[in-house]
Peer 1: 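Once you've had a glance at the structure underneath, I'll fire off some questions.
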Amino acid sequence: MTPSPKNDEDFPWWLVVAGVIAAWMIYEVVTDDLYTQILTTLSKGIGITIFVTLVGFFSACVIGLLLASACLSRFLVLRQAARFYIEIVRGIPIIVLLLYVAFVIAPALVAAWNWAATGLGFEPIRTRDFPLLWRAILALTIGYSAFIAEVFRAGLQSVDEGQIEAAEALGLSGWQRFRHIVFPQAFRMILPPLGNDFVAMVKDSSLVSVLGVTDITQLGKVTAAGNFRYFETYNVVALIYLMMTITLSLALRRLERRLRARRTE
């Protein structure tokens, strides 16, 4: 059965149900001293979660765009090197990548820096001087850059070749063609999957708790271990993540509709 093209315009009953549940949970948090205490404790980790997500996602987008450009390069070496990176990294679970970066790559980077610093006259550093927070951000950057590279590649390839040839005929440089012709059109194709990856990174940022980074999940684990109120603690943890992810999803959907409406004008 072919789905109706107006399914996106259905009244969001799912959002009403989710809103009722969220309102009930917020009421419990406000009126219950235990919930209020748990929320106060966990709120200290919201800033860390947002920081990890924003820095990691921005860095992954930059690397992903470079990888996508390398995949479309006319040079075989660049294409094969980018494909090697993408396929290898996509095959490693994020949590394994976090542990590998934190306890293998980070010490190797410190050793490489110390080797170079000795010859340049700089002071050597210790492995513990490389904060676990930045190790976690580096791991998320590496992991998501491979997925985002495929998103960018598909979007860039969706632009009609005729428009690029017309831009070349007008004498536009490679950067001007990318800036004015290719990327604005590709962005409409890139936005939905890129938005999904951003929401996914918000959730996957909880994995940094395995390194002891004091995000929402880590504070939830510590709080539950201290008060033994696992039900209440993880209710609040789930509520915080749900509020962030659903808000982001709705904002991205609204942006998609605006772009779609602008294209049809």
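Keep in mind that what you see is a predicted model, and the values were worked out from it rather than measured.
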Peer 1: Under the salt bridge (Lys or Arg N to Asp or Glu O under 4.0 Å) criterion, do R253 and E256 qualify, and how do the steps go?
Peer 2: CA-CA 5 Å; R253 185 172 300 179; E256 289 175 34; over 6 Å; no
Peer 1: Could you give the distance from CZ (R153) to CG (L156), rounded to the nearest 0.5 Å?
Peer 2: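 Taking CZ in R153 and CG in L156, the distance rounds to 9.5 Å.
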Peer 1: Once rounded to the nearest 0.5 Å, what's the spacing between atom CD1 of I50 and atom CE of M244?
Peer 2: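 Result: 6.5 Å between the selected atoms.
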Peer 1: Under 3.5 Å, sequence neighbours excluded: what are the donor-acceptor pairs made by side chains of residues 63-76?
Peer 2:
unit_1: S69; atom_1: OG; unit_2: L65; atom_2: O; d: 2.9
unit_1: S73; atom_1: OG; unit_2: F75; atom_2: N; d: 3.0

Peer 1: Would S145 and Y85 count as a side-chain hydrogen bond (donor to acceptor under 3.5 Å, both in side chains) if you check the C-alpha gap in whole Å, the side-chain angles of each, and the deciding distance to 0.1 Å?
Peer 2: CA-CA 10 Å; S145 63; Y85 177 96; 2.9 Å; yes
Peer 1: Taking the six-membered ring for Trp, are Y230 and F228 parallel (under 30°), tilted (30 to 60°) or perpendicular (over 60°)?
Peer 2: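 Rings of Y230 and F228: perpendicular, as their planes differ by over 60°.
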Peer 1: Just how far is it from atom CD1 of I137 to atom CD1 of I142, taken to the nearest 0.5 Å?
Peer 2: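 CD1 of I142 is found 12.0 Å from CD1 of I137.
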Peer 1: Members other than Y27 in its cluster, when Ile, Leu, Val, Met, Phe, Trp, Tyr link by side-chain heavy atoms under 4.5 Å?
Peer 2: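 Its cluster partners, ordered by chain and number, are none at all.
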Peer 1: Give the table of side-chain donor-acceptor pairs shorter than 3.5 Å for residues 207-221, with sequence neighbours excluded, one pair per line with atom names and distance.
Peer 2:
unit_1: S209; atom_1: OG; unit_2: S206; atom_2: O; d: 2.8
unit_1: D215; atom_1: OD1; unit_2: Q218; atom_2: N; d: 3.0
unit_1: T217; atom_1: OG1; unit_2: Y241; atom_2: OH; d: 2.9

Peer 1: ring-ring contact (aromatic ring centres under 6.0 Å, His included): which pairs involve residues 44-65, sequence neighbours left out?
Peer 2: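 Qualifying pairs, neighbours excluded: F51-W134, F57-F198.
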Peer 1: When hydrophobic residues are tied together by side-chain contacts of less than 4.5 Å, even through go-betweens, does V236 share a cluster with Y234?
Peer 2: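 Linked within one cluster.
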Peer 1: Do you know which two heavy atoms are closest between I190 and G155, and how far apart they sit?
Peer 2: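 Of all heavy-atom pairs spanning I190 and G155, the closest is CG1-CA, 3.9 Å.
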Peer 1: Can you give me every donor-acceptor pair (side chain of residues 110-117, partner residue at least two apart or in another chain, under 3.5 Å) with its distance?
Peer 2:
unit_1: N114; atom_1: OD1; unit_2: I125; atom_2: N; d: 2.7
unit_1: N114; atom_1: ND2; unit_2: V110; atom_2: O; d: 3.4
unit_1: N114; atom_1: ND2; unit_2: I125; atom_2: O; d: 2.8

Peer 1: To the nearest 0.5 angstrom, please state how far the OG1 atom of T53 sits from the CD1 atom of I48.
Peer 2: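 Going from the OG1 atom of T53 to the CD1 atom of I48 covers 11.0 Å.
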Peer 1: Contact between T223 and V237 at the side-chain level, heavy atoms closer than 4.5 Å - yes or no?
Peer 2: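 Sidechains of V237 and T223: no contact.
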Peer 1: To the nearest 0.5 angstrom, please state how far the CG atom of N235 sits from the CG atom of L39.
Peer 2: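 These two atoms lie 12.0 Å from each other.
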Peer 1: Testing V151, L255, N196 one by one against L191 for a side-chain contact (heavy atoms from CB on, under 4.5 Å), which residue passes?
Peer 2: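 Testing L191 for a side-chain contact (heavy atoms from CB on, under 4.5 Å) against V151, L255, N196 leaves exactly one candidate, L255.
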Peer 1: Starting at CD1 of I94, measure out to CG of L99 and round the result to the nearest 0.5 Å.
Peer 2: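 If we round to the nearest 0.5 Å, I94:CD1 and L99:CG are 11.5 Å apart.
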Peer 1: Could you identify which residues cluster with I246, counting Ile, Leu, Val, Met, Phe, Trp and Tyr as linked when any side-chain heavy atoms lie under 4.5 Å apart, either directly or through a chain of such contacts?
Peer 2: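 Taking Ile, Leu, Val, Met, Phe, Trp and Tyr as members, I246 shares its hydrophobic cluster with W14, L15, L242, L250.
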Peer 1: Y144 versus D204: any side-chain heavy-atom pair under 4.5 Å?
Peer 2: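 They are in side-chain contact.
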Peer 1: State, yes or no, whether a side-chain contact exists between I21 and M25 at a heavy-atom distance under 4.5 Å.
Peer 2: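 In contact.
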